[in-house]
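Report on one structure; see the data block that follows.
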Amino acid sequence: VIDTIDILSDWFEREIAEAHGMKNLSDRKHGVSGFELWSEYRERVENLITYLKSSGKLAILVAHCREAKVVEDQVIVPAGINVPGKSGAFIAAQAELIGYCYRKEVGDKTNYYVTFKGGPLAVWGSRVKELNGKTLQFEEVNPYMCFENVFKNNGGNGNGKSSNVSKQG
C-alpha cells in the first residue's frame with residue numbers, strides 16, 4: 001500500500017529538483033531544461049507503475065483527487081488523481097480499478113462508501129466486472145467485508161448484489 005501517491009510524487013519532484021540544485025521543479029535555472037526535469041519525473045512515475053504491475057503482487061495506491069473543471073456545463077478536465085501533468089492519467093490508465101471514497105451523513109450517523117461508477121466528471125471505474133458501476137458501503141465492524149460480499153454473492157447468479165452494494169450510489 002502506498003499512502004498517498006501525492007506524497008510519493010512530492011518526493012520524486014524534490015529528489016529531481018535537488019539533483020539539479022533547485023528547490024522545486026517549477027523553479028527556473030540557467031542551463032536546466034524544465035522539459036527534461038518533468039520528463040524525468042514522468043519516467044519515474046511510469047517506472048514505478050510498471051514495477052508494481054510486474055511484481056505479481058496486489059498494489060494499492062491511495063491518492064487524493066482533483067476536482068473536475070466544468071465551464072458552462074461542459075467538462076473541460078475530468079476529476080482525477082492529483083499528481084502533476086499527465087502522470088495521473090497514466091496511473092489511471094494502468095489501474096484495474098479506481099474507487100472514489102466518500103462519506104454521507106444519514107441522520108446522526110456517518111456512512112462511508114466507495115464507488116466504482118465512472119462518468120464524464122471522473123476517471124474512477126473498474127475493469128473487474130463484479131465492481132464495475134457499483135457503490136459499496138463500508139461496514140462499521142469490518143469495512144472490507146463489503147468487498148467479500150460482492151464476490152461471494154456474485155458466484156453463479158452474476159448480479160453481485162448484497163445489502164451494502166448498490167448501483168445507485
Could you check Asp6 against His64 for side chain to side chain donor-acceptor pair (under 3.5 Å), going step by step and ending with a plain yes or no?
-> CA-CA 7 Å; Asp6 319 42; His64 292 97; 3.1 Å; yes
Sequence neighbours excluded, which residues qualify as side chain to side chain donor-acceptor pair (under 3.5 Å) partners of Glu105?
-> Thr110
Verify the neighbour count for atom NZ of Lys53: are there more than 12 heavy atoms of other residues, nucleotides or ligands below 6.0 Å?
-> yes
Check whether any side-chain heavy atom of Tyr112 lies under 4.5 Å from a side-chain heavy atom of Gln137, and answer yes or no.
-> no
Close side-chain approach of Ile49 to Ile91, heavy-atom, < 4.5 Å | yes
4.5 Å side-chain heavy-atom contact, Ser9 and Pro84 | yes
Does Asn132 reach the main-chain N or O of Val128 with its side chain, forming a donor-acceptor pair under 3.5 Å?
-> no
Residue pairs fulfilling ring-ring contact (aromatic ring centres under 6.0 Å, His included) with at least one residue in residues 21-40, sequence neighbours excluded | Trp38-Tyr41
Nearest 0.5 Å, what's the OG-CD distance between Ser126 and Glu96?
-> 8.0 Å
Using atom types as modelled and distance alone, determine if a side-chain donor or acceptor of Arg66 lies under 3.5 Å from a backbone N or O of Ile81.
-> yes
Show your reasoning for whether side chain to side chain contact (heavy atoms under 4.5 Å, CB included) applies to Tyr113 and Asn111.
-> CA-CA 7 Å; Tyr113 302 88; Asn111 293 327; 3.4 Å; yes
Would one find more than 12 heavy atoms of other residues, nucleotides or ligands at under 6.0 Å from atom CD of Gln94?
-> yes
Report the distance from atom NZ of Lys29 to atom CG of Leu37, rounding to the nearest 0.5 Å.
-> 10.0 Å
Identify whether Val62 and Leu8 are in the same connected component of the hydrophobic contact network (ILVMFWY, side-chain heavy atoms under 4.5 Å).
-> no
Step by step, work out the side chain to side chain contact (heavy atoms under 4.5 Å, CB included) result for Leu131 and Leu136.
-> CA-CA 9 Å; Leu131 295 172; Leu136 310 180; 3.9 Å; yes
Apply salt bridge (charged side-chain N to carboxylate O under 4.0 Å, His left out) to Lys23 and list each qualifying residue two or more places apart in sequence or on a separate chain.
-> none
For the residue pair Lys109 and Glu140, establish whether any side-chain heavy-atom pair is separated by less than 4.5 Å.
-> yes
OG1 (Thr135) and OH (Tyr100) are apart, to the nearest 0.5 Å, by 11.5 Å
Quick one: does Phe116's side chain get under 4.5 Å of Val114's, heavy atoms only?
-> yes
Counting only N and O atoms by type, is there a donor-acceptor contact under 3.5 Å from the side chain of Ser54 to the main-chain atoms of Thr50?
-> yes
Which distance, rounded to the nearest 0.5 Å, do you find between the CG of Asp10 and the OG1 of Thr4?
-> 8.0 Å
Applying side chain to side chain contact (heavy atoms under 4.5 Å, CB included) to Asn142 and not counting sequence neighbours gives Tyr144, Met145
Please answer: with hydrophobic residues joined when any side-chain heavy atoms are less than 4.5 Å apart, are Ile98 and Tyr102 in the same cluster?
-> yes
Check whether Leu52 and Trp11 end up in the same hydrophobic cluster, where Ile, Leu, Val, Met, Phe, Trp and Tyr are linked by side-chain heavy atoms less than 4.5 Å apart.
-> yes
Heavy-atom neighbours of Glu43 CD exceed 12 at 6.0 Å = no
Going from CZ on Phe12 to CG on Asn47, what distance comes out if it is rounded to the nearest 0.5 angstrom?
-> 8.5 Å
Identify the two heavy atoms, one from Arg127 and one from Ala93, that lie closest to each other, and give their separation to 0.1 Å.
-> NH2-O, 3.0 Å
side-chain hydrogen bond (donor to acceptor under 3.5 Å, both in side chains) partners of residues 13-22, not counting sequence neighbours, each pair once = Glu15-Arg44
So do Ile2 and Ile60 actually touch side chain to side chain, heavy atoms under 4.5 Å?
-> no
Residue pairs passing the ring-ring contact (aromatic ring centres under 6.0 Å, His included) test where at least one lies in residues 76-97, sequence neighbours excluded = none
Kindly compute the distance separating CD1 (Ile5) from CG (Leu61), expressed to the nearest 0.5 Å.
-> 5.0 Å
Do Lys134 and Lys117 come within less than 4.5 Å of each other through their side chains, counting heavy atoms only?
-> no
